[in-house]
Amino acid sequence: MSDVVLAGVGGQGIVLASKLLAEAAFRAGYDVKANEVHGMAQRGGSVLAQVRFGEKVFSPLVPSGRADFLVGLEEVEALRYAGYLGDGGWAIVNRRKIVPVTVSSGSFRYPEDIEGRLRARFERLVLVEGERLAREAGNARTENVVLLGALSNFLDIPLGIWEEVIAHLVPRSTEANLKAFSLGRDATVEARL
Amino acid sequence: MRKVLSGNEAIARGAYEAGVAVAAGYPGTPSTEILENLAGYGEVYCEWAPNEKVALEVAAGACWTGVRAMATMKHVGLNVAADPLMTLSYTGVRGGLVVVVADDPGMYSSQNEQDSRNYAKFAKVPLLEPSDGQEAKDFVEVALDISERFDTPVVLRSTTRLSHSRSVVALGGRRSPQVPSFSKDPQKLVMLPLYARGRRRKVEERMRALREFSERFPHNRIIWRERKLGVVTSGVCYQYVEEAFPEASVLKLAMTYPLPEGLIRSFAEQVEEVLVVEELDPFLEEQVRSLGVRAEGRRYFSGIGELGPDGVIRGRMRWEGRDPPEPRQEADLPPRPPVMCPGCPHRGIFYVLSRMDVVITGDIGCYTLAVFPPLNAMDTLICMGAGISASMGMAKAGLKKPVVGVVGDSTFFHSGMTGLLDVAYNRGDVTIIVLDNGTTAMTGHQDHPGTGRTLMGEETVEARAEDIARALGVRRVRVVDPYDLSRTEAVLKEEVASPEASVVVSRRPCLLLTREYGPRYEVSAEACTGCGRCLRLGCPALEKDGAKVRINSLCTGCGLCAQVCRFGAIAREEG
Ligand code: SF4
Ligand code: SF4
């Protein structure tokens with residue numbers, strides 16, 4: 001079974017990313033369960049989504065310390081949910097800082113040397129230039145899909161299915177999203193070696 | 001055909017397939033998408049009612065014509081609909097009636113985490129708890145069948161985790177709805193005391209029959225494994241049990257009221273020890289124990305918050321006499337609470353309020369986020385509508401400080417109007433602000449009686465808060481644009497100072513809905529003195545940058561910060 005935890009900030013497209021992954025896993029023949037956060041938690045707050053797939057999935061939630069992959073769309077959020085990742089699991093983290101209001105208003109500090117902390121916490125870490133690649137794909141809002149592209153290098157889901165699912169679920173900006181996906185995939189293809 | 005559906009999509013599909021003809025509800029996380037999806041089929045009449053009580057009454061009326069009907073709501077919505085539910089239990093139904101209620105363990109988007117299963121017991125109606133998307137879909141039809149067979153409304157209970165989890169669901173076709181008709185039967189449908197006494201007996205007969213039925217109800221099932229431990233569970237907790245107790249035998253209950261007493265006793269007799277795993281109240285545990293079965297549950301499994309697989313795994317450790325380890329959290333990360341969007345029209349009003357010496361009684365909606373720093377502009381919150389009524393109580397208590405009640409537009413139509421009538425009728429000296437952003441924003445922008453459009457996509461009348469306020473007897477009614485800070489401030493000061501009730505409608509559509517973003521603003525580094533005044537708006541687009549302030553890419557161009565800055569340092573981006 002593969003357990004994926006996606007962490008980020010409300011508005012970064014976590015719900016869409018988890019939908020895409022769940023649909024791709026389903027079309028690849030797996031049983032799948034996924035969950036996402038709605039309502040209050042979406043307004044710029046810290047958000048979490050989880051996707052599990054394999055022969056048979058029971059709980060839609062991943063137990064702590066069991067995830068195979070932690071996909072962080074933002075650096076602090078990746079650290080916040082680090083506890084989900086299991087031994088030997090991969091952290092795939094977007095090089096992106098989104099300053100929370102608690103920091104911009106001066107009551108908290110954004111951790112300095114966040115990269116050092118990511119490296120210290122995650123033994124297997126892939127950093128992705130999501131913002132740059134999304135721009136390159138022609139749509140700054142496709143960071144989520146760039147990260148999925150990076151993740152896809154580690155999953156047993158054929159490329160054709162990913163493309164099909166992106167076209168199906170993002171009909172209005174398929175092209176930019178396909179581009180984002182392949183940029184993310186190509187940029188990290190060597191990470192696994 | 002099989003599809004990946006969320007629990008809510010599955011419930012909608014279930015209603016579609018079961019031939020439901022009328023469905024009504026009020027938006028509320030985590031239940032909202034049920035009706036939105038059902039409306040999407042185009043073949044079922046769906047409506048957003050102003051509140052859950054109305055929704056359930058609409059569904060009841062529909063079912064009395066012989067068609068199948070559904071009402072949907074979040075857990076606290078069932079409090080509002082409890083009045084009709086209690087007596088619908090007496091009248092019963094004609095076509096099937098299912099009441100879908102979605103609880104929110106963990107309070108991801110709610111003000112409490114009540115366990116709505118208690119309502120089934122309270123109202124003496126059957127209760128079903130699906131554990132995944134497939135059951136969520138299938139149980140709608142099962143519920144309607146039970147409803148028709150036993151002449152009772154049936155409660156179908158979901159939770160956030162079920163409603164918002166996606167899983168694989170096998171789909172079926174739609175059965176054709178009944179043709180509506182009505183025949184008189186006042187003994188059944190007119191609950192004046194004389195007839196209600198007769199129906200009261202029927203309720204007990206029905207419960208007896210349902211208890212028997214539940215013994216052979218095929219969805220209450222036992223998964224036999226080792227006999228050392230037997231776990232009794234229901235709903236999504238069943239999934240966690242499968243992971244945390246893979247060796248145990250499991251009695252998975254689908255109908256959790258009334259319970260199959262014989263089945264539970266015989267299960268308990270065949271295992272050495274019984275655990276009950278459930279979220280929130282010990283609803284099953286108490287009933288199981290009352291059968292004389294020795295069972296433990298709450299002793300190991302917390303009743304606070306969402307249980308999740310972690311909660312069940314930790315409970316197992318406690319049961320085994322081990323201390324669950326503390327999770328390894330990264331230290332000193334800045335918290336990231338949800339915030340009002342950049343350009344949110346509510347921000348202007350609350351900024352003005354934050355600078356006035358008033359008590360602010362609040363209500364339910366995105367604007368509740370005004371409670372957080374830097375605005376700190378909400379002092380109370382309990383439920384829908386109380387923003388108005390609680391302000392009245394404070395004023396009548398004789399509080400010297402002025403009291404301002406705030407309420408959103410959808411919330412005003414839901415249950416603010418009666419509170420405002422109280423203010424007008426009983427001569428309350430309070431200022432009520434209706435935050436009219438033209439939508440039900442928090443739950444994802446549903447229509448309501450003020451938007452001029454129905455859930456079926458038809459154009460309709462537009463209720464206006466200011467017209468309603470006047471009709472209710474409020475004499476001082478003003479409308480402001482919250483993007484215009486100086487006028488908003490002037491109007492609020494006048495109305496707070498006035499010696500009678502006033503209503504201020506703050507009108508500006510939700511930006512997330514219109515997506516009408518203007519040119520961005522920018523801070524001139526030379527002119528900015530770093531005083532930090534603009535940061536008191538709490539706009540996520542404004543960031544501290546060393547000693548100065550800068551505006552990031554989230555800026556929607558609302559212009560509030562430029563109005564707030566005393567040094568003219570903020571202006572629209574050139575070009
Ligand atoms: S209010 Fe004006 S001067 Fe003060 S910090 Fe903000 S931009 Fe700078
Ligand atoms: S104009 Fe100012 S207050 Fe409005 S969204 Fe932009 S930064 Fe925020």
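Lettering of chains follows the sequences in order, A, B, ..., and the numbering in each one begins at 1. In this text the structure is predicted, and so the values were computed from the model without any measurement.
- Residue contact with chain A, scored on non-hydrogen atoms closer than 4.5 Å, is absent for B:L162.
- Chain B forms more heavy-atom pairs under 4.5 Å with one residue of A:D31, A:I98, A:V57 than with any other, namely A:I98.
- With contacts defined as side-chain heavy-atom distances shorter than 4.5 Å, the pair A:P111/B:D332 does not qualify.
- Side chain to side chain, B:R161 and A:N35 meet the donor-acceptor criterion of an N or O pair below 3.5 Å.
- Using a 4.5 Å cut-off between heavy atoms, B:V312 does not touch chain A at all.
- Residue pairs that meet the ring pair (Phe, Tyr, Trp, His ring centres under 6.0 Å) test with at least one member in residues 109-142 of chain A, sequence neighbours left out, do not exist here.
- Other residues, nucleotides and ligands contribute at most 12 non-hydrogen atoms within 6.0 Å of the CZ atom of A:R141.
- Heavy-atom contacts from other residues, nucleotides or ligands closer than 6.0 Å to CD of A:E115 number more than 12.
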Could you walk me through whether B:E543 and A:V103 pass the side-chain contact (heavy atoms from CB on, under 4.5 Å) test, one step at a time? CA-CA 8 Å; B:E543 284 178 18; A:V103 170; over 6 Å; no
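- In this structure, A:E175 places its CD atom where only 12 or fewer heavy-atom neighbours from other residues, nucleotides or ligands lie under 6.0 Å away.
- Here the side chains of A:T102 and B:R336 are not in contact, with every heavy-atom distance at 4.5 Å or above.
- Contact annotation for B:R536: neither backbone nor side-chain heavy atoms come within less than 4.5 Å of a heavy atom of chain A.
- For B:N552, no part sits under 4.5 Å from any heavy atom of chain A, backbone or side chain.
- Using a 4.5 Å cut-off on side-chain heavy atoms (C-beta onward), A:V62 and B:P309 make no contact.
- Both the backbone and the side chain of A:V99 come within less than 4.5 Å of a heavy atom in chain B.
- Taking a 6.0 Å sphere around CG of A:D156, one finds it holds 12 or fewer heavy atoms contributed by other residues, nucleotides or ligands.
- Most heavy-atom pairs under 4.5 Å with chain A: of the set B:P337, B:S167, B:P334, this distinction falls to B:P334.
- Atom CZ of A:R135 is surrounded by 12 or fewer heavy atoms from other residues, nucleotides or ligands within 6.0 Å.
- In this structure, chain A has no heavy atom under 4.5 Å from any part of B:P30.
- Considering every non-hydrogen atom in both A:P100 and B:P335, the closest pair reads CB-O, 3.6 Å.
- Note: A:R109 CZ to B:L333 CG = 14.5 Å, rounded to the nearest 0.5 Å.
- Proximity to chain B among residues 71-82 of chain A is limited to A:E74, A:V76, A:E77, A:L79, A:R80, judged by heavy-atom separations below 4.5 angstrom.
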Go through it in stages, so that I can follow the logic: the residues are B:Y238 and A:F58, the test is side-chain contact (heavy atoms from CB on, under 4.5 Å), and I'd like the CA-CA distance, side-chain angles, deciding distance and then a yes or no. CA-CA 8 Å; B:Y238 160 73; A:F58 287 105; 4.0 Å; yes
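- Around CD of A:E55, the count of heavy atoms belonging to other residues, nucleotides or ligands within 6.0 Å does not exceed 12.
- Only the side chain of B:I313 comes within contact range of chain A, judged by heavy atoms closer than 4.5 Å.
- Around atom CG of A:D87, no more than 12 heavy atoms belonging to other residues, nucleotides or ligands sit under 6.0 Å away.
- For the atom pair B:R314 CZ and A:S64 OG, the distance stands at 8.0 Å (nearest 0.5 Å).
- Here A:S59 contributes atom OG and B:D132 contributes atom CG; the two are 11.5 Å apart, rounded to the nearest 0.5 Å.
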Walk me through whether A:L61 and B:Y240 qualify under side-chain contact (heavy atoms from CB on, under 4.5 Å). CA-CA 8 Å; A:L61 288 172; B:Y240 310 145; 3.7 Å; yes
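- The pair B:E242-A:K56 fails the salt-bridge criterion, with no side-chain N (NZ, NE, NH1 or NH2) lying under 4.0 Å from an Asp/Glu carboxylate O.
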For A:R52 and B:E243, what are the C-alpha separation, side-chain angles and deciding distance, and is it a salt bridge (Lys or Arg N to Asp or Glu O under 4.0 Å)? CA-CA 13 Å; A:R52 316 185 78 192; B:E243 301 218 359; 2.8 Å; yes
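- At a 4.5 Å heavy-atom cutoff, A:R27 makes no contact with chain B through either its backbone or its side chain.
- Rounding to the nearest 0.5 angstrom, the gap separating the OG atom in B:S6 from the CD atom in A:E36 is 7.0 Å.
- Salt bridge annotation for B:D310-A:R66: absent, with no cationic side-chain nitrogen under 4.0 angstrom from a carboxylate oxygen.
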Stepwise side-chain contact (heavy atoms from CB on, under 4.5 Å) check, B:R166 with A:F26: CA-CA 11 Å; B:R166 315 180 73 75; A:F26 169 62; over 6 Å; no
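- Around the NZ atom of A:K19, the shell of radius 6.0 Å holds no more than 12 heavy atoms that belong to other residues, nucleotides or ligands.
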